[in-house]
Amino acid sequence: MIVKAFPQDFVWGVSTSAYQVEGAWNEDGKGESIWDRFCHTPYRIANGDTGDIACDHYHRMPEDVALMKELGVKGYRFSIAWTRIFPDGKGKVNPKGLDFYDRLVDELGKAGILANATLNHWDLPQALQDLGGWANRDTTDRFAEYARVMFDRLGDRVALWATHNEPVVVTSGYLGGSMAPGLADASVAYRVAHHLNLAHGKAVQVFRQGGYPGKIGIVLDLQNYIPESDSEADVLATQRMLDHSHHLFLDPIFKRQYPQGLMEWLGTIAPQPQEGDMEIISTPIDFLGLNYYFTLKVRYEPWGGLLKAAARPFSAPMWSQTEMGWGVHPEGLTAILLKLRNHYGNPDIYITENGTAAPDQPDEHGFVQDRERIAYLRRHLIAAHDAIQQGVNLRGYFVWSFMDNFEWALGYRPRFGIVRVDYATQKRIPKLSAYWYREVIRQNAVWE
Ligand SMILES: OC[C@@H]1[C@@H](O)[C@H](O)[C@@H](O)c2[nH]c(CCc3ccccc3)c[n+]21
């Protein structure tokens, strides 16, 4: 048995997001978000599920933090619901909303768990969407105002801040229609991407000017894309997918420019930076958050939408696809980490999401022996360890997810947690993977 030990101060964490776990969608002064609106729109969400109640984390947070402590977790990545702070997206701050996150970071401090807070995990205030949302440049200033309020209130106790979670998905919410706000208007999608980048940069500048402790970064959706064949058509299609999914955000932030090939491909709907925008966007950050789940094979497809590209899951031999139909390919994680080392200045990196939905079969006590999930997590930790051995500055790993939760357009069917949630009773029942992860944390190692 080969033991793969991690660096001494490696952060072993778990991840959630506000809309997926909190519930209390309209309590204590919280305003409506675009995901509240989307879920309350018929036929948008499988089974008519909504995040109205979710895991009721808003009321059960102290017990959830206590369970994290019991499982030996060292870090908790959560997101802040903008509409608990600014119910209308701007103007009056809602004190009860601030109080909830104040209590959360205090509970984490008492439990010795590092706080890793994301400002925007997709749940934009509906009031701002009514004014154009991320397609409206003013929203970047609303975001900077919201960021300042959060830095002022929680900045003394939050170790890691992320501006956005996976901004490309917000862009997709304007392209494909399966995510809030559920538009299909390519003409604004890349203006949205630019404003997300600009909002990120403005928030980083507010953080720098305020001299807050802690570190700030952004979390990107960096799945691994490989061409289906070495034909020029497939290779170029893969490049377009990488430009859209990776470089649309990585390049402005780390290289102060948009990917030229994509700009030419997009033509008139490409981002139109104003004077000074790229300097703001590329304000240096302290770390990059990486969400990695799967590898995709990409081919040229004339009917493949805006990018004329189609992607399908790549499964390494001996792996089946997951509950989500995602190919399992741990080597893809190593490849992404090495790409960031080789081409983006070898930044400090946290794996902010990695995990899998699995066909969890509970026994009569609700206990789930999720061996597939353990195999998935173990192999990806080995892949992460390989990258560290090759000089990648990987500082931590956050499992998606701490507990089963609302999986966006798919509702509650897919279960990603290392802790099971019985939604009928809201009972939390750690799965086998939670005890396995506790052992990994204790040993600070995984074994081949
Ligand atoms: O799908 C599992 C998780 C979501 O629950 C998180 O909220 C989100 O940050 C997240 N991102 C990814 C990577 C690919 C993806 C993006 C958007 C929707 C589904 C999958 C997987 N996940």
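Just so you know, these numbers use all the heavy atoms, side chains as well, and skip hydrogens, waters and symmetry mates. Start at 1 and go down the list; that is how both ligands and their atoms are numbered. Given the structure is predicted, the values throughout are model-derived calculations rather than measurements.
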Show me the pairs that pass side chain to side chain donor-acceptor pair (under 3.5 Å) and involve residues 177-191, at least two apart or across chains.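 Those involving residues 177-191 are Asp185-Ser187, Tyr190-His244.
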Which atoms from ligand 1 have a heavy atom of Asn165 less than 4.0 Å away?
->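 Ligand 1 atoms under the 4.0 Å threshold to Asn165: 9 (O).
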His121 N/O under 3.5 Å from ligand 1 N/O: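 Right, the criterion is met.
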*asked:* Applying ring pair (Phe, Tyr, Trp, His ring centres under 6.0 Å) to Tyr258 and His194, what does each step give before you reach the verdict?
replied: CA-CA 9 Å; Tyr258 280 107; His194 181 63; 5.7 Å; yes
Can you tell me the protein heavy atom closest to [atom] and the distance?
atom: atom 21 (C) of ligand 1; result: Tyr293 CE1, 3.0 Å
atom: atom 22 (N) of ligand 1; result: Glu353 OE1, 3.3 Å
atom: atom 7 (O) of ligand 1; result: Gln20 OE1, 2.7 Å
atom: atom 17 (C) of ligand 1; result: Val169 CG2, 3.6 Å
atom: atom 18 (C) of ligand 1; result: Met179 CE, 4.1 Å

**Residues forming a ring-ring contact (aromatic ring centres under 6.0 Å, His included) with His57, sequence neighbours excluded** =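 Once residues adjacent in sequence are excluded, His57 has no partner under the ring-ring contact (aromatic ring centres under 6.0 Å, His included) criterion.
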Kindly identify the option in Glu166, Gln223, Glu407 whose heavy atom sits closest to atom 1 (O) of ligand 1.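 Nearest heavy atom to atom 1 (O) of ligand 1 lies in Glu407.
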Exercise for review: Check each of Trp326, Tyr292, Trp408 against atom 19 (C) of ligand 1 and report the one with the nearest heavy atom.
Suggested key: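 Nearest heavy atom to atom 19 (C) of ligand 1 lies in Trp326.
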ask   = Between Arg373 and Tyr437, is NZ or CZ placed under 6.0 angstrom from the six-membered ring centre and within 45° of the ring axis?
value =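 No, a cation-pi geometry is absent between Arg373 and Tyr437.
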> Under the 6.0 Å and 45° cation-pi test, does Lys431 pair with Phe367?
Replying inline: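 Not flagged: Lys431 not positioned over aromatic ring of Phe367.
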Inspect the surroundings of NZ in Lys339 and state if more than 12 heavy atoms from other residues, nucleotides or ligands are less than 6.0 Å away.
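Counting other residues, nucleotides and ligands, NZ of Lys339 exceeds 12 neighbours.
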- Is the closest side-chain donor-acceptor distance between His200 and Thr163 under 3.5 Å?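 Yes - a donor-acceptor pair under 3.5 Å links their side chains.
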